[in-house]
> 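Okay, here's the structure, questions in a sec.
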Number of protein chains: 2
Amino acid sequence: MSQQRAQSSGVASGGGPGFPDLPEATVARLPEYLRALHNLADAGHDTVSSEGLATAAGVNSAKLRKDLSHLGSYGTRGVGYDVTLLIEQIEQVLGLHETRAVALVGIGNLGHALARYAGFASRGFHIAALFDADRDRVGELVNGMAVRHMSDIAAVVADEGISIGVIATPADAAQVVADDLVAAGVTSILNFAPCVLAVPDGVDVRKVDLAIELQILSFHEHRKSTLTALPAKVVGQ
Amino acid sequence: MSQQRAQSSGVASGGGPGFPDLPEATVARLPEYLRALHNLADAGHDTVSSEGLATAAGVNSAKLRKDLSHLGSYGTRGVGYDVTLLIEQIEQVLGLHETRAVALVGIGNLGHALARYAGFASRGFHIAALFDADRDRVGELVNGMAVRHMSDIAAVVADEGISIGVIATPADAAQVVADDLVAAGVTSILNFAPCVLAVPDGVDVRKVDLAIELQILSFHEHRKSTLTALPAKVVGQ
DNA sequence: AGGCATTTGTGAAGACTTGCACAAATCGCG
DNA sequence: CGCGATTTGTGCAAGTCTTCACAAATGCCT
């Protein structure tokens with residue numbers, strides 16, 4: 001069980017049959033483009049220019065064009081991009097055509113909120129099971145779904161075809177949960193616990209740490225207050 | 001009110017008196033180092049090597065040393081870093097000595113969870129006020145604090161010295177809320193709504209989009225399932 | 001006091017990412 | 001049919017970030 005490595009850019013396709021060799025930075029922006037495109041489609045737009053889509057997604061238009069060019073040529077010069085076609089292509093690349101089953105582990109404050117969050121379902125993810133290690137919480141209904149005990153995880157993951165696990169436990173439980181998820185066959189983990197997870201090669205981990213986001217903002221606040229000369233750069237988003 | 005620009009690296013200090021010129025990538029990692037250092041301190045370690053701290057923080061040791069070297073020389077060759085001293089230095093740089101007051105807007109599912117999340121308080125942030133636009137929710141007690149109406153925001157932000165706003169509203173309300181926060185004097189925003197915010201220069205925005213994280217994982221799942229040859233790279237964290 | 005093992009701090013190379021600027025392609029219109 | 005306006009796709013250069021590799025510094029042990 002190796003310590004996970006830092007993000008390594010460039011998703012090689014090994015010259016295989018179907019798939020593009022997307023830079024990791026591009027992959028991270030595609031979902032944002034997709035969201036903007038859905039908004040445009042809802043607003044009745046059939047086509048959109050790189051400039052228009054870039055603005056809607058909060059990026060530079062040259063960057064947007066380069067990102068999309070990695071998927072192939074789906075724009076028309078002098079016109080722009082076909083909104084429906086581009087949605088189709090990005091969903092294809094992101095693998096969003098098959099609805100993915102997700103297991104959510106840790107039904108505390110955050111877990112409750114995630115279980116009820118409509119944004120997952122509306123964007124192609126199905127929360128297929130809820131788990132907690134606390135037997136007092138097992139059986140509780142959250143958003144119409146019963147909480148199950150961690151000991152069921154292997155069976156449920158197999159039965160439901162779950163490939164993604166979301167960890168919303170305290171930090172001290174997260175590694176054990178990750179090990180259980182991996183043992184059950186999960187190959188992608190979204191970790192909300194404030195700790196680093198060790199996972200085997202072949203398992204992807206993304207981490208979201210709410211306090212870290214605030215601390216980064218704190219740095220910029222601090223800088224602004226001690227140094228009033230320069231305008232702030234907008235960070236991330 | 002300009003469209004915000006993409007992350008621009010390098011936080012210039014303008015040659016001013018006090019402050020280091022930290023690369024943005026370094027700033028984003030400092031909170032992770034800080035968390036790891038607190039763990040080490042709790043475990044009774046007085047010093048730690050770059051290798052040890054790097055492992056605990058999930059990064060390469062050379063990267064860690066370069067990051068820390070930007071803060072100055074606080075290590076001892078042949079020995080390592082003094083844990084307490086380094087904690088002190090990083091907290092200084094991140095501006096965590098003064099507790100920062102945070103306003104949380106949007107007390108729905110996610111807002112409730114954030115209001116109750118202990119990780120904020122334990123890492124130096126004080127949730128000073130809760131707001132919602134729904135008058136039916138105003139007055140409700142969440143974690144011992146009453147929800148107030150958005151119309152109070154200007155007065156409360158001034159009274160409580162709030163500098164950071166957290167937006168946990170639906171996407172269609174987020175821009176209005178951001179405008180209100182900025183008008184009230186907030187200069188940093190953490191946005192959980194799935195949309196791009198336009199803010200004036202001088203205001204920092206960071207975005208956390210839970211569905212986007214899953215979609216990025218989905219891409220890697222998709223890639224793994226269509227291409228079984230290569231081992232996956234671990235993404236982000 | 002001297003030598004050895006350890007570990008930091010950093011120069012340099014390489015990889016990745018961004019953004020400009022423009023040729024090539026397309027459409028609409030006279 | 002041809003021309004001008006528009007917009008994509010991309011070569012290239014600049015900037016940023018990561019990683020290696022090693023000299024310099026430190027402490028321990030004899």
Side-chain angles (χ1 to χ4, degrees), chain A residues 3-12 20-30 32-33 45-83 85-86 89 233-237, chain B residues 3-12 20-30 32-33 45-83 85-86 89 233-237:
Chain A
Q3 179 66 29
Q4 62 214 349
R5 285 155 298 177
Q7 169 178 344
S8 158
S9 241
V11 179
D21 197 348
L22 290 178
E24 189 60 36
T26 296
V27 173
R29 282 186 294 264
L30 288 180
E32 191 70 49
Y33 302 157
H45 291 76
D46 291 329
T47 64
V48 64
S49 68
S50 64
E51 190 63 40
L53 182 53
T55 301
V59 302
N60 174 298
S61 68
K63 181 152 60 179
L64 175 99
R65 287 198 298 279
K66 190 152 289 186
D67 283 342
L68 295 185
S69 76
H70 287 123
L71 312 186
S73 266
Y74 296 111
T76 308
R77 297 177 189 218
V79 179
Y81 297 91
D82 182 291
V83 172
L85 176 62
L86 197 48
Q89 284 304 321
K233 301 297 201 316
V234 169
V235 189
Q237 176 150 169
Chain B
Q3 178 65 31
Q4 61 215 348
R5 285 155 299 176
Q7 172 179 343
S8 157
S9 240
V11 178
D21 198 349
L22 291 177
E24 189 60 35
T26 296
V27 173
R29 284 187 293 264
L30 288 180
E32 192 68 49
Y33 301 158
H45 291 76
D46 292 328
T47 65
V48 63
S49 68
S50 64
E51 190 63 40
L53 182 54
T55 301
V59 302
N60 174 299
S61 69
K63 181 152 61 179
L64 175 99
R65 287 198 299 276
K66 187 148 288 187
D67 283 341
L68 295 185
S69 76
H70 288 123
L71 311 186
S73 266
Y74 297 110
T76 306
R77 296 177 190 219
V79 178
Y81 298 90
D82 181 290
V83 172
L85 176 62
L86 197 49
Q89 285 302 322
K233 299 298 200 309
V234 169
V235 189
Q237 178 153 165

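Letters go in sequence order (proteins before strands), and every chain restarts at 1. Values reported hereafter were calculated over all heavy atoms of this structure, with side chains retained and with hydrogens, waters and symmetry mates removed.
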> Could you list, one pair per line, each protein nitrogen or oxygen that sits under 3.5 Å from a nitrogen or oxygen of nucleotides 20-23 of chain C, together with the distance?
residue: dA21(C); atom: N6; partner: Arg65(A); partner atom: NH2; Å: 3.3

> Tell me: CZ of Arg29(A) to P of dC16(C), nearest whole Å?
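Rounding to the nearest Å, CZ of Arg29(A) and P of dC16(C) are 15 Å apart.
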> Rounded to the nearest angstrom, tell me the gap between atom OH in Tyr81(A) and atom P in dT26(C).
14 Å
> Could you list the protein-to-nucleotides 2-5 of chain C atom pairs, N/O on both sides, closer than 3.5 Å?
none

> Figure out the CD/P separation between Glu24(A) and dT18(C), and round it to whole Å.
12 Å
> Which heavy atom of Ser61(B) sits nearest to which heavy atom of Glu51(B), and what is that distance?
OG-OE1, 3.2 Å
> Please report the shortest heavy-atom distance between Tyr81(A) and Arg65(A), naming the atom on each side.
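Shortest heavy-atom contact: OH-CG, 3.8 Å.
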> Leu22(B) versus Leu71(B): any side-chain heavy-atom pair under 4.5 Å?
yes
> Is the shortest side-chain heavy-atom distance between Leu64(B) and Asp67(B) below 4.5 Å?
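They are not in side-chain contact.
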> Which nucleotide sits closest to the side chain of Ser73(B): dT7(D), dG9(C), dT18(D)?
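Taking heavy atoms from C-beta onward, the closest nucleotide is dG9(C).
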> Atom CG of Leu64(B) and atom P of dG9(C): how far apart are they, to the nearest Å?
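The distance from CG of Leu64(B) to P of dG9(C) comes to 10 Å, rounded to the nearest Å.
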> Return the value, rounded to whole Å, for the distance between atom CD of Glu51(A) and atom P of dG19(C).
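It works out to 13 Å between those atoms.
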> Using atom NZ of Lys63(B) as one end and atom P of dG9(C) as the other, report the distance to the nearest whole Å.
18 Å
> Testing the basics here: between Val59(A) and Arg29(A), what is the closest heavy-atom pair and its distance to 0.1 Å?
CG1-CD, 4.2 Å
> Rounded to the Å, how far apart are Gln89(A) CD and dG9(D) P?
12 Å
> Could you tell me how far apart Leu86(A) (CG) and dT7(D) (P) are, to the nearest whole angstrom?
16 Å
> Can you tell me if Ser50(B) touches the phosphate of dT8(C), counting only side-chain N or O atoms and a distance under 4.0 Å to OP1 or OP2?
yes
> Do you know the tightest heavy-atom contact between Tyr74(A) and Leu86(A)?
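Looks like CB-CD1, 4.5 Å.
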> CG of Leu30(B) to CG of Leu68(B): how many Å apart, nearest 0.5 Å?
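If I round to the nearest 0.5 Å, the distance is 7.5 Å.
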